[in-house]
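Following: one structure in structure tokens, then a few remarks.
The figures that follow rest on heavy atoms only: side chains count, while hydrogens, waters and symmetry mates do not. Residue numbers start from 1 in every chain, and the chains themselves are labelled A, B, ... in the order their sequence lines are given, proteins ahead of strands.
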Amino acid sequence: MKRFSFPKKKRLVSNEQFKAVLSRSRRSSNGLLILYMAENDCGYCRLGVSIGKSSGNAVVRNRLKRLLREAFRQNQHQIPAGFDYVLMISPRWSRKSNVEKNLKLPIFEQVEASLLALINSNIKD
RNA sequence: AGAGUGGGUCGGGCGGUCGCCGGCUUCUUUUGAAGCCGGAGGAAAGUCCGAGCAGGACAGGGCACGGUGGUGGCUAACGGCCACCCGGGGCGACCCGCGGGAAAGUGCCGCAGAAAAUACACAGCCGAUGUCCCUUAGGGGAACAGGCAAUGGUGAAAUGGUGCGGUAAGAGCGCACCGCGGCGCCGGUGACGGCGCCGGCAGGGUAAACCCCACCGCCUGCAAGACCAAGCAGCCGGACACUCGGCCCGGGUACGGGCGGCUAACAGCCGCUCUGCCGGCGGGUAGGUCGCUUGCCGAAAGGCAGAGCCAACCGGCAACGGUUGGUCAAGAUAAAUGGUCGCCACCCGCCUUUUUAGGCGGGAUACAGAACUCGGCUUACAGACCCACUCUUUUU
RNA sequence: AGCCCGGUAGUGUAGCGGUCAAUCAUCCGAGGCUCUGGACCUCGUGACGACGGUUCGAAUCCGUCCUGGGCUA
């Protein structure tokens, strides 16, 4: 039960933390997400989500952020500790959603699978 | 039954499970844990108006600048709302209108057209009257003086419109109706309306051009603003030294260290450099707390106050107001309000069944996310429901 | 979140109620010059963010949206 909790100390919470991760991280992406990961000295993993205005209006951005956070929370015991992660939405997907207006938001399973695939490919390296 | 008009309500529900934010209580040294409670909208949006609140400025008044603009109400206020008036549209329910002043003044009205605000006369008409010419003495000519603004063409707009009379030709020149203006009476709080009489017409449009009139308005905005601890520039005081007054104490002067020069050297003087000790004040920035989530009083129970919310009743055509009762309602800051599963509800198709209904499969769930708080406006919106009313057709 | 500016050819701009059927430069296309290309000359295509209103007439004035940008001691 405890392993699913997601308190505030497991999140990136200030601008300095984000800058630190983005400046000294490895970057990888697929068609939906962009992942930055960098080592930290906390002993656990931390998550930051950054979704730009090009992804959609406030409702869409809120929805995407919650999906990413939920996928991270439910799979945090499979994710290697000692790293900071920053997730963004790929501009490829944003362009697609701008062009096709009726494109649906990704469902939870899609986001989860995409996230795990990215992290696994990074572990192998 | 069909077509339509106006207004309103909702815009998924219940449960399980894993999480997030805030508050309270208990345990816990901190850190956290457990329990209970609360946790997005009708537009939270756009930021187009109006208020509260905060800071700054300010005697009062005026100017400038900006806004509003039929009338009367409502409201804390408004550019909002309600009712009515006027004009326009619709068979009608009803809808639309930035709807004051052009006789205070200024400006503008391209092209076309003779002429665009001055009454001018291009093409024209007439030439009755006067002059002239011809004359067969009846008259004729349209040459001059002069009369006319009906007709033509232009334009968005040409100095009231139509008809009849009238005339040399014409003309509100006269008359009838319509329009316009003035006066009186009546109705209305008023915008305005009705009736009667008089006037032959008073002289274009534009004020979302300047302007005039009436009314309103200080400027900036919660990233406002207040506070806290730390550090920095700066400022003040003290201590150390000398001196004066007999002392406490008070006043005055010089800080102090290092290096160099003058001097044989010390002291002293001059120059350069470093700004050290203690205490206090301390602008702004970055950080945090408050503002900030109903407020105040109170230990609590509770009480009082809110342009607060929900009902009922009363007054009012209505907007709205009053009384009584109940209720207190998200508060984040890389920013909570979510993920997933099941059942129900909505729509469509198929099957079973006389129907009700049941089963299976599929689909749809819009616009959109609080950021100091309210009152409006505007814009976006799948679908569902309710109320009132209008027109047409059919039946009784 | 609050506040404030702008929108004219592919690009950068002028216009301030009427000769706007919209200026200039550049780009693009065609032709000329040249043996060919460049430069130069001539001609052409191409725009008032959208909708509504005021006006005889709107790029211009007014309103509502759309869109781009800026500031916040």
Side-chain angles (χ1 to χ4, degrees):
Chain A
M1 184 185 301
K2 199 172 183 178
R3 62 186 188 182
F4 286 135
S5 74
F6 190 58
K8 200 172 271 188
K9 68 173 189 181
K10 289 191 181 176
R11 297 180 221 162
L12 299 179
V13 117
S14 71
N15 202 16
E16 286 76 22
Q17 289 172 344
F18 272 81
K19 276 182 184 163
V21 173
L22 293 183
S23 64
R24 58 183 177 83
S25 65
R26 277 183 298 170
R27 174 178 181 279
S28 56
S29 64
N30 59 17
L32 183 62
L33 300 174
I34 300 178
L35 173 73
Y36 295 84
M37 56 188 291
E39 296 175 31
N40 63 11
D41 45 5
C42 305
Y44 46 84
C45 49
R46 296 190 298 185
L47 174 70
V49 179
S50 176
I51 296 177
K53 254 188 184 171
S54 58
S55 310
N57 60 17
V59 174
V60 172
R61 279 179 274 141
N62 243 337
R63 171 79 184 167
L64 289 170
K65 180 189 66 187
R66 283 164 178 160
L67 285 172
L68 291 179
R69 225 176 47 200
E70 190 67 17
F72 188 87
R73 181 182 74 82
Q74 292 195 9
N75 297 285
Q76 57 184 293
H77 56 286
Q78 304 176 21
I79 292 172
F83 286 94
D84 285 339
Y85 301 88
V86 170
L87 283 172
M88 296 185 185
I89 292 294
S90 162
R92 245 184 297 169
W93 187 86
S94 301
R95 268 202 305 276
K96 224 166 82 182
S97 74
N98 277 344
V99 170
E100 311 167 34
K101 250 202 139 181
N102 52 355
L103 179 68
K104 296 215 176 68
L105 287 173
I107 60 170
F108 178 70
E109 279 83 6
Q110 269 177 279
V111 174
E112 193 176 28
S114 176
L115 173 67
L116 288 179
L118 267 183
I119 288 178
N120 287 331
S121 72
N122 264 0
I123 288 171
K124 281 174 195 161
D125 291 347

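Using Watson-Crick or G-U wobble geometry with both donor-acceptor distances under 3.5 Å, B:G325 finds its partner in B:C310. In this structure, B:C58 makes no Watson-Crick or G-U wobble pair, since no nucleotide meets both defining distances under 3.5 angstrom. For B:A103, there is no paired base (Watson-Crick or G-U wobble, both distances below 3.5 Å). In this structure, B:U352 forms a base pair with B:A357, meeting either the Watson-Crick or the G-U wobble geometry with both donor-acceptor distances under 3.5 Å. Across all strands shown, B:A116 has no partner, as no Watson-Crick or G-U wobble contact with both distances under 3.5 Å is found.
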Report, one pair per line, the protein and nucleotides 67-69 of chain C atoms (nitrogen or oxygen only) whose separation is under 3.5 Å.
none

Is there any protein nitrogen or oxygen under 3.5 Å from a nitrogen or oxygen in nucleotides 333-337 of chain B, and what are the pairs?
residue	atom	partner	partner atom	Å
B:U333	OP1	A:Lys8	NZ	2.3
B:A334	O2'	A:Leu12	O	2.5
B:A334	N6	A:Asn15	OD1	2.5
B:A336	OP1	A:Lys65	NZ	2.3
B:U337	OP1	A:Arg69	NH2	3.2
B:U337	OP2	A:Arg66	NE	2.8
B:U337	OP2	A:Arg66	NH2	3.1

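When the P atom is used for both B:C210 and B:U206, the distance is 15 Å, rounded to whole Å. Across B:G252 and B:G288, the matching C1' atoms stand 49 Å from one another, rounded to whole Å. The separation of B:G79 from B:G105, taken at their P atoms, amounts to 32 Å, rounded to a whole angstrom. For the C1' atoms, the distance from B:G295 to B:A329 is 15 Å, rounded to whole Å. The C1' atoms of B:C198 and B:A169 are separated by 33 Å, rounded to the nearest whole Å. For the P atoms, the distance from C:G46 to B:C81 is 47 Å, rounded to whole Å. For B:A119 and B:G100, the P atoms lie 30 Å apart once the distance is rounded to whole Å. Taking the P atom of each, B:G46 and C:G68 are spaced 14 Å apart, rounded to whole Å.
Here the CG-CD1 distance, from A:Asn62 to A:Ile51, works out to 8.5 Å after rounding to the nearest 0.5 Å. With rounding to the nearest 0.5 angstrom, the CE atom of A:Met37 is 9.5 Å from the CG atom of A:Asp84.
Every stem involving RNA chain C, taken as at least 3 paired positions in a row under the Watson-Crick or G-U wobble test at 3.5 Å, is listed here: C:1-7 with C:66-72, C:10-12 with C:24-26, C:28-32 with C:40-44, C:49-53 with C:61-65.
Applying the 3.5 Å distance criterion, the base of B:C18 shares a donor-acceptor pair with the side chain of A:Arg73.
Checked against B:G19, B:A370, B:G338, the side chain of A:Ala58 finds its nearest nucleotide in B:A370.
Annotation for A:Gln76 and A:Cys45: closest pair O-SG, 4.5 Å, computed over non-hydrogen atoms. Between A:Val86 and A:Leu12, the shortest heavy-atom distance links the atoms CG2-CD1, 3.7 Å. Closest approach of A:Val49 and A:Lys65 over heavy atoms only: CG1-CG, 4.0 Å. Nearest heavy atom pair, residue A:Leu67 against residue A:Val111, reads O-CG1, 4.1 Å.
In this structure, A:Phe72 has its ring center closer than 6.0 angstrom to the ring center of A:Tyr85.
Rounded to whole Å, atom C1' of B:A45 lies 12 Å from atom CZ of A:Arg61.
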